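Note sheet for the following structure.
Starting from 1, each residue takes its place in the sequence as its number. These values consider heavy atoms only, across backbone and side chains, with no hydrogens, waters or symmetry-generated copies. What you are looking at is a predicted structure, and each value in this text was computed from that prediction instead of being measured.
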Amino acid sequence: MNLIIRGAARPDDAYMPIWAPLLAFNEKTVGDAQGAPFALTITEPDSEEVLGGLWALSLWGSFYIGLVVTPEGARGEGLGTELMAQAEVEAVARNCHNMWLDTYAFQARAFYERLGFAVFGQIDGPAPMFPRWFMRKDL
C-alpha cells in the first residue's frame with residue numbers, strides 16, 4: 001500500500017470515517033460496541049433552555065460520566081448530588097459494574113470523593129489544570 005498521512009481540513013468531519021473501522025473491529029471482536037447514551041438536563045420550570053446537566057454512556061458493563069455541569073449560581077444546592085444519584089440508579093438499571101469519570105485539579109475531585117469515587121489513575125502536568133484524575137465507583 002502506498003499511503004500518506006495528512007492533516008484533516010475539517011477535523012469534525014473526519015471523526016466518523018476514522019471511527020467506523022474501529023467500531024467494526026470492536027464489534028467483530030466483542031459484540032455490540034456502540035454504547036447507550038444517557039442524559040439529564042437542568043432547566044427552569046417553564047423553559048426548555050438547558051442550563052446544565054449530566055451526560056453519560058454505558059458500554060461493556062461500565063457507566064462513563066462525560067459531563068456534569070450545574071449552573072454557577074445554583075452550585076451548593078444539591079443539584080450535582082442529585083444528578084449523580086439519578087445517574088447511579090440508571091447505571092445499576094443497565095447492569096453496570098462501575099461508574100467512572102475524569103476531573104481536573106480546578107474541578108470537582110472532592111465532590112466525587114464524597115459520593116464514593118476513588119482515584120484509579122492520574123496525569124500530571126502544569127497547574128492549574130493538572131493533575132487530571134480518573135475516578136471510579138464500584139456498584
Side-chain angles (χ1 to χ4, degrees):
M1 291 180 131
N2 185 18
L3 304 173
I4 61 169
I5 297 172
R6 67 178 75 166
R10 296 178 9 192
D12 287 342
D13 292 343
Y15 181 84
M16 287 309 295
I18 294 169
W19 169 237
L22 178 59
L23 177 61
F25 171 81
N26 290 349
E27 289 186 337
K28 179 180 166 190
T29 305
V30 297
D32 182 22
Q34 298 237 14
F38 173 76
L40 299 166
T41 59
I42 298 171
T43 64
E44 292 180 333
D46 297 324
S47 173
E48 294 296 317
E49 179 186 2
V50 176
L51 304 174
L54 179 146
W55 185 92
L57 182 75
S58 59
L59 177 63
W60 299 331
S62 287
F63 197 83
Y64 168 67
I65 298 173
L67 300 169
V68 179
V69 179
T70 57
E72 192 169 346
R75 292 188 183 144
E77 295 180 11
L79 288 170
T81 300
E82 183 59 26
L83 288 170
M84 294 297 289
Q86 288 188 36
E88 186 168 336
V89 167
E90 184 66 20
V92 169
R94 293 180 182 206
N95 296 313
C96 292
H97 306 289
N98 60 59
M99 299 170 66
W100 71 281
L101 53 84
D102 62 282
T103 189
Y104 288 91
F106 65 93
Q107 291 177 330
R109 177 181 170 175
F111 167 73
Y112 296 120
E113 287 175 330
R114 285 193 301 274
L115 299 177
F117 284 78
V119 172
F120 72 85
Q122 178 175 323
I123 299 174
D124 292 317
M129 290 76 65
F130 291 92
R132 179 180 182 183
W133 295 287
F134 296 84
M135 305 181 77
R136 102 182 211 184
K137 178 178 182 178
D138 291 329
L139 301 174

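Looking at every heavy atom in both residues, Met135 comes nearest to Glu113 through CE-CG, 3.5 Å. Of all heavy-atom pairs spanning Asn98 and Asp138, the tightest one is CB-OD1, 3.7 Å. Nearest heavy atoms, Gly35 versus Pro37: O-CD, 3.9 Å. Counting all heavy atoms, side chain and backbone alike, Pro71 lies closest to Ile42 at CD-CD1, 4.0 Å. Nearest heavy-atom pair, Ala91 versus Met99, reported as atom, atom and distance to 0.1 Å: CB-CG, 4.0 Å. Of all the heavy atoms in Ala33 and Asn26, the pair that sits closest is CB-CB, 3.7 Å.
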Stepwise side-chain contact (heavy atoms from CB on, under 4.5 Å) check, Ile65 with Met84: CA-CA 9 Å; Ile65 298 173; Met84 294 297 289; 3.5 Å; yes
Verdict with supporting geometry, Val119 and Arg109, side-chain contact (heavy atoms from CB on, under 4.5 Å): CA-CA 9 Å; Val119 172; Arg109 177 181 170 175; 3.7 Å; yes
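One side chain, Asp124 or Gln122, offers a donor N or O that lies under 3.5 Å from an acceptor on the other. With hydrogens and angles left out, the side-chain atoms of Gln86 and Glu90 include no donor and acceptor closer than 3.5 Å.
Legend: salt bridge (Lys or Arg N to Asp or Glu O under 4.0 Å) pairs involving residues 4-13, not counting sequence neighbours, sorted by first then second residue: Arg10-Asp13.
Distance CG/Leu67 to CG/Leu57: 11.5 Å, rounded to 0.5 Å. With rounding to the nearest 0.5 angstrom, the CD1 atom of Ile123 is 12.0 Å from the CH2 atom of Trp133.
For the pair Glu48 and Thr43, the minimum side-chain heavy-atom distance is 4.5 Å or more. The shortest side-chain heavy-atom distance between Tyr112 and Val68 falls under the 4.5 Å cut-off.
No path of Ile, Leu, Val, Met, Phe, Trp and Tyr side chains, each step under 4.5 Å between heavy atoms, connects Val50 with Leu79, placing them in separate hydrophobic clusters.
In the hydrophobic clustering, Leu3 connects to Met1, either directly or through intervening members, whenever side-chain heavy atoms lie under 4.5 Å apart.
The aromatic rings of Phe63 and Phe38 sit tilted relative to each other, their planes meeting at an angle between 30° and 60°. Ring geometry for Tyr64 against Trp100 counts as tilted: the plane angle lies between 30° and 60°, on a 0 to 90° scale.
In this structure, the side chain of Thr29 engages the main chain of Phe25 through a donor-acceptor pair within 3.5 Å. Distance alone, capped at 3.5 Å, is enough to place a donor-acceptor pair between the Arg75 side chain and the Thr70 backbone. Within the 3.5 Å criterion, the main-chain N or O of Tyr104 finds no donor-acceptor partner in the side chain of Asp102. Not a single donor-acceptor pair under 3.5 Å links the side chain of Trp55 to the backbone N or O of Thr41.
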